[in-house]
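Accompanying notes for the structure given below.
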Amino acid sequence: MSVRSTLPRSSVVGPNPNPPLQAAEANPIDAELTARRSRAARRRLVTIYGLRVLFAVIWLGGWELSSRMNWVDPFFVGQPTGVVARLWTWITEGTALGPLWYQAAVTMEEAVVGFIIGSILGVIFGIVLGRVELLAETLSPFIKAANAIPRVVLGSLFAIMFGLSLWGKAATAVVLVFFVVFFNAFQGVREVDRNLIANARILGADNRRLTLEIIIPSALSWILASLHISFGLAIVGAVVGELFGATAGLGQLIYNAGHTFDVNGVFAGMFLLAVLALIAEGLISALEKRLIKWRPHRVSGEIPI
Amino acid sequence: MASPAIELRGVTKRFATPKGGIYTALRDLNLEVAAGEFCAVVGPTGCGKSTTLALISGLEPASTGEVRVEGNPVKGIAGGVGYVFQSDAVFPWKTVLENVAAGPRYHGAPGRDARARAREWITRVGLAGFEDRYPHQLSGGMRKRVGLAQSLINGPRILLMDEPFSALDVQTRTLMENELLSLWSSTSASVVFVTHDLEEAIALADRVVVLTAGPGTVKGTYKVDLPRPRNVAEIRFQPRFTQLYEAIWGQLRDEVLVSYERQKHAAAV
């Protein structure tokens, strides 16, 4: 029963220099209290994981059962064991388009390239327009119009412009990612605390310093929040781009499976995309934690979604 | 005779309101602060106390009238001025050390020198050992100390303070007031200290200026002839303190009532 493990917050702020608090931690009654709290937290965690497993079992079991019993036609809705079998064949024998890892790598490459280019453009435009009011007001109707069109249709245009190469898919991802990041960066720049700006100016900051040391760090929480959503959009862009013409990739794999009435193949492809998106999400969260370590830690009770 | 450190002559400040109207914050304000003087400005809510500081610092231009600092007309933000804000204005993404070192760095000092000077100031405001903390890890009083060190490290000849201690609890506040006086006594800075708390004003200042309910203009000026060095916690018990308090409060009360009636009226509309 360790008391230390229940004190993540104080380990975050480093050794506590406040002697009375140290003394309080050594107090047996307080130690008992923290121990009890950690037990309660652990119990809660076990409950949540248990409920999650239960949910998955009911969902997948119900699906499997209803297709086995022919309540629904497995030809149209597939079945979990069929999806697993399809995944296994893809892993062991490769797909119709070649080895599975290669399809995943192609799609991820398109998504990552589109994500990086789109985010960088979004951040740059967001900060520049956020700082230069005249430019923002001039461009605002054009940006709103561009944001209003369903941008996935641009995929067909990019397929013509870039052919079957990576760039057609990456470009589709870029247009999806750009707007989300742009609007967040723009808003982030606009929301910077005016007191902080006044303080920096009085302390002697010039415009460059103001942008680099006040505006950008302040807008960073907004920008990072948008990256969570936009990586998902980058994958959407890559997959949609592949539908407009590709020789490899998970989108193409799903497209092929759909055309051969292989419902389990479609689900297997979706499952792989979801796994890749979750991994990317984890990486972005880690990046966020590194970049804004100055932010107060959220109160416990945060829902880990 | 040398020109006063701060001089406002017939200053009026109007703002355009979001509804398209004009709001007059200050009207025909005349104020002089001598070099090295500690001047407190008191007045009811919304009388333009903070606006006065914004004009002196150059954050805002005056609509009409003249604002001079050390004899020169104010055109934008000038060096030699420090500003301690009412709310936290320390940078949350910088550590205490980086926050305090910001001023010297902005003025072109090499990083190593800036940090060395910052360490010195952090010790002077009693925060040694907290250099690597982020502001959210500190208490309100400690953040105020960071703000003080951040301003004072630039060696301001003019120090503007906008209700700096109003968010602190009473004990911390008294502590910080004493600390401010001892820090100030080792400089030759002229201070304009804005507050709504008359006790605080008398305890700290050489002179108390009472503003009228907005649009603000000077209603009266009172010399505080209490001896220095002062202990803020004890000075309140001196008979002279009580006399001054009664005299100034007599003036201030009318303005506070006017301001209160207006707010009630505005809330009822």
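Proteins get letters first, then strands, A, B, ... in listed order; numbering begins at 1 in each.
The choice from B/Gly103, B/Pro92, B/Ser151, B/Pro135 that makes the most heavy-atom pairs within less than 4.5 Å of chain A is B/Pro92. Between chain A and the options B/Thr95, B/Asn154, B/Ile153, the largest number of non-hydrogen pairs under 4.5 Å is found for B/Asn154.
A/Asn195 and B/Gln86 form no side-chain donor-acceptor contact under 3.5 Å, judged by distance and modelled atom types alone.
Within residues 172-189 of chain B, no residue has any heavy atom closer than 4.5 Å to a heavy atom of chain A.
For A/Ile214, the parts lying under 4.5 angstrom from a heavy atom of chain B are both the backbone and the side chain. Residue A/Arg201 touches chain B through both its backbone and its side chain, counting heavy-atom pairs closer than 4.5 Å. When heavy atoms are compared at a cutoff of 4.5 Å, B/Phe85 approaches chain A solely by way of its side chain, counted from C-beta outward.
Taking CD from B/Gln150 and CD1 from A/Ile202, the interatomic distance works out to 11.0 Å, rounded to the nearest 0.5 Å. Here the OG atom belonging to B/Ser87 is positioned 12.5 Å from the CZ atom belonging to A/Arg194, to the nearest 0.5 angstrom. We find the OH-CD distance between B/Tyr106 and A/Glu213 to be 4.0 Å, quoted to the nearest 0.5 Å.
What you find for B/His107 and A/Leu203 is that their closest heavy atoms are CE1-O, 3.1 Å. Nearest heavy atom pair, residue A/Leu196 against residue B/Ala89, reads CD2-O, 3.2 Å. When all heavy atoms are compared, the tightest approach of B/Val90 to A/Asn199 is N-ND2, 4.3 Å.
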For B/Trp93 and A/Ser218, run side chain to side chain contact (heavy atoms under 4.5 Å, CB included): C-alpha distance rounded to whole Å, both residues' side-chain angles, the deciding distance at 0.1 Å, then the answer.
CA-CA 8 Å; B/Trp93 44 82; A/Ser218 177; 3.5 Å; yes

